[in-house]
Engineer: 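Here it is, the structure, as structure tokens.
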Amino acid sequence: MRAEEQRTDRQIAEQAAKEPWKASEGCRERVERILEELPDTPEKEETRMKSIWSKRTLILAAALAAAVGTTAMASELFRWDQKAVENFRNPTEEEQNAMTMEGLAKEQTASATDAGITITAKQTVQDKNTLYILLEIQAEDPIIDGNGAFDNPDENGAYGRPWILTEHEDAFHNVSMGFSPDTPAFSELSDHGFYEISALKSPDQEWNEDQVEVQFTEYSYYTYENGGTIPHTVRGDWTLTLPLGEDTILETDIYRPEQPVEIAGIPIQVKRVEVSPLSVLLSFDMDDLEALREARHAGESDVYLEEVEFAGFLDQNGEEILTGFGGMSGAYDFDNREVIHQMGLGTYVDTEGLRAVLLGSEKTEVPLK
């Protein structure tokens with residue numbers, strides 16, 4: 001063993017002995033699984049011992065990093081895809097590494113090629129409410145712009161299978177997808193692009209999927225000639241299996257406001273607010289929303305109450321934070337008389353600096369305290 005390796009191990013051991021920490025079983029198992037995949041094909045006993053020592057040092061260092069908050073080791077073991085970083089509005093390296101070590105941001109490598117199109121999974125990011133999947137698309141011909149889309153009809157053109165297959169039925173409540181926002185539309189077609197999937201997990205069942213399968217059987221796109229559009233369809237089979245890991249719950253802050261807020265003269269009780277860096281869940285008193293509906297939209301049917309639509313946050317300085325949506329859905333809990341609005345956020349949000357949730361065009365404030 002080289003002297004510098006001995007010094008490194010001694011320094012890590014000494015630091016570990018000073019810290020009152022114990023790495024979680026999940027953390028140790030996750031790091032060990034990853035390190036088992038590292039190449040270890042020694043030709044000599046000396047080389048083999050160096051490899052074993054290197055792995056042992058990495059296990060201790062990664063466990064120490066997770067326990068004491070040092071995330072430098074994470075960036076050496078995993079890499080966020082740069083496109084995912086951009087699409088989440090550039091979370092800091094510390095935030096990226098923290099999510100990686102928790103198993104919530106996961107690098108993906110699955111790939112499928114058919115009909116001249118290759119789909120490669122790059123990254124997944126998830127929390128209690130949402131799952132984000134980033135795919136890279138490479139085509140032999142220029143057939144990609146922001147108006148193209150993948151789908152999953154069967155051979156007869158019927159739609160019955162979901163885009164994302166899970167072990168348990170109805171694991172997702174809502175799924176939306178499309179090319180990333182910076183993909184040009186109505187312009188010269190390209191042979192390359194990034195495709196995003198935002199899925200909202202069903203709020204009425206426990207999430208326990210350790211992997212998902214993305215399946216497409218059709219790609220549709222347009223060519224543009226003489227001011228008109230000509231549709232095209234490419235049939236194929238693109239199936240990707242994406243492991244998600246065991247730990248899927250990003251820390252979520254839960255607030256239960258004591259006082260109702262007033263909207264259009266009606267007191268509306270927000271019973272629960274759940275906020276993570278990736279999603280928001282709002283639970284309203286069902287009877288209060290019905291009173292608002294009668295006051296503002298009496299006699300109308302199929303009314304969407306824009307007055308209680310999530311509109312962003314206020315930070316501690318009173319500045320608005322507008323995030324956009326990464327998908328949204330609603331549910332009714334009749335037993336508890338609640339209406340639940342679930343939203344994936346279009347950007348990463350630092351939850352520690354939030355003061356209030358904003359509702360509707362009037363930006364009604366729901367304090368978070």
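Values in this document were obtained by computation on a predicted structure and should not be read as measured data. All values below come from the heavy atoms of this structure, side chains included, with hydrogens, waters and symmetry mates left out.
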Engineer: Is it the case that more than 12 heavy atoms not belonging to E290 sit under 6.0 Å from its CD atom?
Structural biologist: yes

Engineer: Heavy atoms, side chains only, cut-off 4.5 Å: are L359 and I268 in contact?
Structural biologist: no

Engineer: I'd like to know if the side chain of N152 and the backbone of P162 have a donor-acceptor N/O pair within less than 3.5 Å.
Structural biologist: yes

Engineer: Return the orientation label for the F334 and Y332 ring planes: parallel under 30°, perpendicular over 60°, tilted otherwise.
Structural biologist: parallel

Engineer: Side-chain donor-acceptor pair under 3.5 Å between H297 and E306, yes or no?
Structural biologist: no

Engineer: Could you check whether any side-chain N or O of D285 sits under 3.5 Å from a backbone N or O of Q269, counting only pairs where one atom can act as donor and the other as acceptor?
Structural biologist: no

Engineer: Would you please classify the geometry between the Y219 ring and the F179 ring as parallel, tilted or perpendicular, with 30° and 60° separating the classes?
Structural biologist: perpendicular

Engineer: Would F313 end up clustered with L358 when hydrophobic side chains under 4.5 Å apart are linked, directly or stepwise?
Structural biologist: no

Engineer: L354 and side chain to side chain contact (heavy atoms under 4.5 Å, CB included): which partner among L314, D253, I321?
Structural biologist: I321

Engineer: For L242 and A121, which heavy atoms make the closest approach, and how far apart are they?
Structural biologist: CD2-CB, 3.4 Å

Engineer: In chain order, what residues pass the salt bridge (Lys or Arg N to Asp or Glu O under 4.0 Å) check against D151, with sequence neighbours excluded?
Structural biologist: none

Engineer: How about Y221 and Y224: are their ring centres within less than 6.0 Å of each other?
Structural biologist: no

Engineer: With R272, which residues qualify under salt bridge (Lys or Arg N to Asp or Glu O under 4.0 Å), at least two apart?
Structural biologist: E274, E338

Engineer: Tell me yes or no: between the side chains of T252 and S276, is some donor less than 3.5 Å from an acceptor?
Structural biologist: no

Engineer: Test your reading of the model: is there a side-chain donor-acceptor pair from Y195 to the backbone of F150, 3.5 Å cut-off?
Structural biologist: yes

Engineer: Taking D145 for its side chain and N147 for its backbone only, find out whether a donor-acceptor pair lies under 3.5 Å.
Structural biologist: yes

Engineer: Could you point out which residue of T124, L134, V175 forms a side chain to side chain contact (heavy atoms under 4.5 Å, CB included) with I197?
Structural biologist: V175

Engineer: Scan side-chain atoms only and decide if E309 and H341 contain a donor-acceptor pair under the 3.5 Å cut-off.
Structural biologist: no

Engineer: Is atom OH of Y222 surrounded by more than 12 heavy atoms (other residues, nucleotides or ligands) closer than 6.0 Å?
Structural biologist: no

Engineer: Using modelled atom types only, decide if a donor and an acceptor are shared between the side chain of W238 and the backbone of D114 within a distance under 3.5 Å.
Structural biologist: yes

Engineer: If only side-chain N and O atoms count, and only distance matters, is there a donor-acceptor pair under 3.5 Å linking N174 with S176?
Structural biologist: no

Engineer: Output yes when R161 and D154 qualify as a salt bridge under the 4.0 Å nitrogen-oxygen rule, no when they do not.
Structural biologist: no

Engineer: Using only atom types and a distance under 3.5 Å, with no angle test, would you say the side chain of E209 pairs donor to acceptor with the backbone of E167?
Structural biologist: yes

Engineer: Under 3.5 Å, side chain of K271 to main-chain N/O of N336, donor-acceptor pair present?
Structural biologist: yes

Engineer: So, K128 side chain and K201 main chain: donor-acceptor pair closer than 3.5 Å or not?
Structural biologist: no

